[in-house]
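All values derive from a computational prediction rather than experimental measurement. All chains are named by letter (A, B, ...) in the order of the sequence lines, taking the proteins before the strands, and each is independently numbered beginning at 1.
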There are 2 protein chains.
Amino acid sequence: MAPKPRRVTQREIAELAGVSQTTVSVVLNDRDGGGVRIPEATRARVKKAIEQLTYVADPAARRLAGLDNQIIGVFTYEAALSPESMDFYGPLLNGIERAAEKIGWDLLFFTSSPVENGTRSLFHRKTRLRLTDGCVLLGQQMVASELERLVAEQFPFVAIGRRDETAAAVPYVAIDYVTPTTALIDQAAAAGHQQALYVHRGRDTPAARDRRGAVEAASAEGRLAFLLVGEERIGDLPRLAQATGATVIIAEDAFLIEDVVHALTAAGVAVPDEISVAALGEVRGHRIDGKPLAGFHVPREQLAAEALDLLQLLIATEPDEWSTLELRRHLDSDVEPGATIVVRTEA
Amino acid sequence: MAPKPRRVTQREIAELAGVSQTTVSVVLNDRDGGGVRIPEATRARVKKAIEQLTYVADPAARRLAGLDNQIIGVFTYEAALSPESMDFYGPLLNGIERAAEKIGWDLLFFTSSPVENGTRSLFHRKTRLRLTDGCVLLGQQMVASELERLVAEQFPFVAIGRRDETAAAVPYVAIDYVTPTTALIDQAAAAGHQQALYVHRGRDTPAARDRRGAVEAASAEGRLAFLLVGEERIGDLPRLAQATGATVIIAEDAFLIEDVVHALTAAGVAVPDEISVAALGEVRGHRIDGKPLAGFHVPREQLAAEALDLLQLLIATEPDEWSTLELRRHLDSDVEPGATIVVRTEA
DNA sequence: CGAATCTGAAGATACGCATTATCAGAAGGA
DNA sequence: TCCTTCTGATAATGCGTATCTTCAGATTCG
């Protein structure tokens, strides 16, 4: 259906310059040697013709001829540009854009991917995936079968977020949550806290399991005793804190902490004076009672940059040799001590 | 350089099914009639082979063969995904994504476009523009020559923002600022104000000229007298208000008003009690002394949706008939009366 | 029963570009 | 002079798909 206006081709340039299409191609790509030689005089003549006709290469033809396209795909399992997603995707997309700009890549967003049982799917009859040289995958919920197919087809891609649960070797760049979670727990313990509550969303993602694992480890090792609480029981928190004697509440992310604080203050509990709080996620911009919330600073821009760097490496490397590469990269979050974990003087 | 893993082609399917590549193509596209007939039996056999080999069409080849790609380009003259641009681009991109998702289009962001004297340029030797079926242009500063070239090449595109200054007929979707500006000025006049200051950024864009024009018209017609002030003289505003007897300050956008208010309060002037303020732009989320700022609600998501709708129309129409189309669409901003234009009781 | 028509499909070609192989003519060597 | 080497370029080919044309064999018509 698309109207196809005539555009300048190499053949037209060739006619204007009185040479063959081959010669034009060679001049355009500055190719020399390898059985082909074009003297400076001819070269100049062709270049002049190119300028005159404002030639622009057809990317589809280039692609079909086996060259790279300088396009990378961005696949998100949910809408990426909606205000709600911006919290999460914003810094990532920003990092991707900056990195792509630097190395001259365009970004293809697979917004068209049809939604099947809740998430978008990458493979469909008309997927434009192969127009790209490689692909970045974002999102909480990735479909394992699609990751495996990408690996099987030896398609260069990088997932953002830990993906070590699938059988296949999925290249990814992820935040390490174990280290900072442990650090934050130790901070609370050092402040004199002994009993805590952990509020989580009950999701089963690698990142969620990491955090939970670090929490349970701390509990098991006696550094800080935890009771795990699902988000649906936030209203019940004041009572639970009372019952367990918990003096600090840690939640999976900062938004959850907002809800927690709301529930506590509604019940007449002072935060953070009576009960300390912290989040195991990005806390930039979150303040509790005017005080900066304790938690992490997640380097999301850097995460994105790292992902594109890895992707670039994959694209430049023959698939056979991928196994020799370091396909998994981990970044540490900085711990933000904040001011919402108060020192507990022994009663 | 891109590694090119082998992929399933129509030829392979053909071999498996014992038919020709032509037949496979016909079955894939459900083409029938027009000199080509495939009986149901053969059709089924081919379809089975397609399923078995998990065929996915190569978009580059499709494109080269003259079909549409279901990709539209998104070109911004500055970085689109940075936190600073999000204020402006965010709602637009969101609208574009939603509209694209609805009609099954992918989005190609031209992040690679090289920066030449301050802005990105759309046409360069390797532009991937032609991979798309059409293109949306965003940004304050567009290059007239590029717009004209797009028109000349009969490439389907739509600009967001008014672009009627160029000679060529540029299709665009824009906000009408004249009507709401006039409305806001009349609101101030009705509240008893007689003398005003207009703070602007001194930019020469169509939208800026529209606003300025409406301001000057109001002044000329005696509805409200204005003194125009460049943003560099914001520090001087308290004195200017004193000197002119102005009781209301209108600025080009809400961020400018923030600066204005800052200067005024620093000089001991109460806002809005002593001097009213309003912005000729989006005011969502902007509050002055706890009161909602008077100004506009710019329907940016809708603007984007309208742009894609127009683009779709262009793509579906033969370029020869574009001249019969309504290529320019205008949307009204809603006026937000706010609470920062106070009624002035005659002294 | 020969000619016209219909059926089902394959062959050839185009799209624009890169690349490989080829080739005519000039220059150099014996 | 004849053979080799070098120079400067061209023709041919392939990439994967869609489409236009052709065609053999079966069927129907007169």
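When rounded to the nearest whole Å, the span between CD1 of B/Ile13 and P of D/dG16 equals 12 Å. For the pair A/Glu15 CD and C/dG16 P, the interatomic distance rounds to 12 Å; values are reported in whole Å. Going from atom CG of A/Leu131 over to atom C1' of D/dC15 covers 14 Å, rounded to whole Å. Nucleotide D/dT19 holds its P atom 13 Å from the CG atom of B/Asp30, rounded to whole Å. C/dC15 atom P lies 18 Å from atom CG of B/Asn69, rounded to whole Å. For the pair B/Arg11 CZ and D/dC15 C1', the computed distance is 10 Å after rounding to whole Å. Between the C1' atom of C/dG16 and the CG atom of B/Asp58 lies a distance of 14 Å, rounded to the nearest Å. To the nearest angstrom, C1' of D/dA18 lies 11 Å from CG of B/Leu64.
A/Arg45 pairs by the salt bridge (charged side-chain N to carboxylate O under 4.0 Å, His left out) definition with nothing, not counting sequence neighbours. Applying the ring-ring contact (aromatic ring centres under 6.0 Å, His included) rule to B/Tyr172 yields the partners B/His330; only residues at least two apart in sequence or on another chain are considered. Taking A/Tyr77 as the reference, A/Phe75 meet the ring-ring contact (aromatic ring centres under 6.0 Å, His included) condition, with sequence neighbours excluded. Scored by the salt bridge (charged side-chain N to carboxylate O under 4.0 Å, His left out) test, A/Asp320 finds no partners at all (sequence neighbours excluded). Judged as a side-chain contact (heavy atoms from CB on, under 4.5 Å), and not counting sequence neighbours, the contacts of B/Ala17 are B/Val19, B/Val46, B/Ala49. Under the ring-ring contact (aromatic ring centres under 6.0 Å, His included) criterion, B/Phe110 pairs with no residue, sequence neighbours left out. Residues that satisfy the salt bridge (charged side-chain N to carboxylate O under 4.0 Å, His left out) test with A/Arg149, not counting sequence neighbours, are A/Glu153. Judged as a side-chain contact (heavy atoms from CB on, under 4.5 Å), and not counting sequence neighbours, the contacts of B/Glu321 are B/Thr317, B/Glu318, B/Thr324.
Inter-axis angle, ends of the helix from C/dC1-D/dG30 to C/dA30-D/dT1, five pairs per end, rounded to 10 degrees: 70°.
Residues A/Ser112 and A/Lys126 form no side-chain contact, since every pair of their non-hydrogen atoms from C-beta on lies 4.5 Å or further apart.
Within the 4.0 Å cut-off from OP1 or OP2 of D/dA18, at least one side-chain nitrogen or oxygen of B/Arg62 is found.
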Before giving the answer on side chain to side chain contact (heavy atoms under 4.5 Å, CB included), spell out for B/Asp58 and B/Arg7 the whole-Å C-alpha distance, their side-chain angles and the decisive distance to 0.1 Å.
CA-CA 9 Å; B/Asp58 183 329; B/Arg7 311 241 175 68; 5.6 Å; no
Apply side chain to side chain contact (heavy atoms under 4.5 Å, CB included) to the pair A/Arg37 and A/Thr42, showing each step before the final yes or no.
CA-CA 10 Å; A/Arg37 297 164 296 266; A/Thr42 311; over 6 Å; no
What's the verdict on side-chain hydrogen bond (donor to acceptor under 3.5 Å, both in side chains) for A/Glu12 and A/Tyr55, showing C-alpha distance, side-chain angles and the deciding distance?
CA-CA 10 Å; A/Glu12 294 174 52; A/Tyr55 170 80; over 6 Å; no
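Side-chain atoms of A/Ser20 and A/Thr23 include a donor-acceptor pair closer than 3.5 Å.
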Quick test: give all pairs of protein nitrogen or oxygen and nucleotides 21-25 of chain C nitrogen or oxygen below 3.5 Å, distance rounded to 0.1 Å.
none

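Between B/Glu51 and A/Arg125, at least one side-chain N (NZ, or NE/NH1/NH2) sits under 4.0 Å from a carboxylate O, which counts as a salt bridge.
Applying a 4.0 Å cut-off to non-hydrogen atoms, the residues of residues 20-29 of chain A that approach DNA chain C are A/Gln21, A/Thr22, A/Ser25, A/Asn29, listed by residue number. For the segment residues 38-48 of chain A, residues with any heavy atom less than 4.0 angstrom from an atom of DNA chain D are, sorted by number, A/Pro39, A/Thr42.
At a threshold of 4.0 angstrom between heavy atoms, the contacts of A/Ala60 with the nucleic acid are absent.
The side chain of A/Gln10 sits closest to C/dA18 out of C/dT19, C/dA18, C/dG16.
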